[in-house]
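This report concerns only the one structure given below.
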Amino acid sequence: MSRDVQAEIKETVEKSPVVLYMKGTAYAPMCGFSGHAIEILKACGLKDFVTVDVLSDQDIRAGIKEYSSWPTVPQLYVKGEFVGGCDIMREMYQAGELQQQLAEFATAAS
Amino acid sequence: MSEKRVTLIQKRLEAAFSPESLEVIDESHKHIGHVGAKGGGGHFQVHIVAEAFTDKKVLERHRMVYQALAEEMKTEIHALGIQAFPPSK
């Protein structure tokens, strides 16, 4: 009962440079939007990024919507900062902005 | 039911942004049976062009749409695809 979900989320997104809150896992996304977010991150050359499955933790699922005042999942965090959901990732990717923002975390040539 | 939701979303967005163009598409049928669809909320796509989005970053534009639909996001809408642009684009 004394679980501080907001503090937990803060710790998670600040501990790793790229964190995606999603439904399911990178290997088995449980929602088309989450699956699409994974595809975009891979297209940016990312191999190692942290994913958090909100379906396996109802407290986190509710808490993440409060954390950035954003009503849906997936949610992408880079260096602790909220970047956006699936549509925003796609729009930024198409504009070349997301690749730039993630360039330092990309592994090898994609 | 679905048609009512589309109309409701359209009304909310029209009231909030007086958009130059607005299209709300019900994609709920694509997601029948998937985990998130259990709650009964629908999946929708919104294409909206409005003056209000001028000089706003993408994150801000999407927040504005979510805010206009805050009440519906709690119940009627499970997922919302958003394309929100200023008129010039």
Side-chain angles (χ1 to χ4, degrees), chain A residues 13 20-25 27-40 53-58 60-102, chain B residues 5 8-9 12-13 16 23-50 53-86 88-89:
Chain A
V13 298
L20 184 74
Y21 282 79
M22 63 179 290
K23 293 180 178 173
T25 63
Y27 299 102
M30 297 295 283
C31 167
F33 296 92
S34 289
H36 197 74
I38 293 287
E39 291 305 313
I40 295 172
D53 179 9
V54 302
L55 294 178
S56 67
D57 191 328
Q58 289 303 314
I60 295 288
R61 185 177 184 177
I64 194 65
K65 294 179 182 179
E66 269 174 49
Y67 186 75
S68 292
S69 310
W70 192 259
T72 54
V73 171
Q75 293 187 14
L76 176 67
Y77 292 83
V78 177
K79 293 181 183 170
E81 292 282 320
F82 176 57
V83 173
C86 171
D87 286 330
I88 291 183
M89 289 172 69
R90 186 194 301 135
E91 208 173 309
M92 289 177 72
Y93 179 74
Q94 282 164 354
E97 291 167 23
L98 194 63
Q99 295 89 316
Q100 253 175 24
Q101 199 173 340
L102 296 174
Chain B
R5 284 176 174 167
L8 181 66
I9 294 169
R12 290 268 188 262
L13 294 174
E23 194 181 3
V24 180
I25 304 159
D26 188 350
E27 295 193 327
S28 305
H29 62 281
K30 283 191 194 171
H31 307 277
I32 289 167
H34 112 321
V35 183
K38 271 190 206 154
H43 286 231
F44 300 92
Q45 277 283 348
V46 170
H47 302 263
I48 182 169
V49 177
F53 301 124
T54 306
D55 294 330
K56 298 281 200 301
K57 288 192 166 171
V58 57
L59 188 60
E60 255 181 286
R61 285 184 260 127
H62 286 224
R63 270 197 203 285
M64 288 162 74
V65 173
Y66 279 137
Q67 263 157 23
L69 297 171
E71 205 49 48
E72 288 70 31
M73 287 304 297
K74 289 180 200 158
T75 50
E76 307 282 327
I77 305 174
H78 164 69
L80 188 65
I82 301 173
Q83 282 168 295
F85 296 106
S88 55
K89 191 150 179 176

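Just so we're on the same page: letters track the sequence lines, and every chain starts at 1.
Using a 4.5 Å heavy-atom threshold, the side chains of B/L80 and A/T72 count as separate. In this structure, A/E91 and B/H62 have side chains that are in contact, with non-hydrogen atoms separated by less than 4.5 Å.
Shown here is B/E60, whose CD atom has more than 12 heavy atoms of other residues, nucleotides or ligands within 6.0 Å.
Contacts of A/V73 with chain B are absent, with no heavy-atom separation under 4.5 Å from either backbone or side chain.
Between A/S69 and B/Y66, the side chains place no donor N or O within less than 3.5 Å of an acceptor N or O (distance only, hydrogens not considered).
Between A/D87 atom CG and B/Q45 atom CD the span is 6.5 Å, to the nearest 0.5 Å. In this structure, NZ in A/K65 is found 12.5 Å from NZ in B/K74, a value given to the nearest 0.5 Å.
Using a 4.0 Å cut-off between charged nitrogen and carboxylate oxygen, A/E97 and B/K57 do not count as a salt-bridge pair.
For the pair B/V58 and A/I88, the tightest heavy-atom approach, listed with the atom from each and the gap, is CG2-CG1, 3.7 Å.
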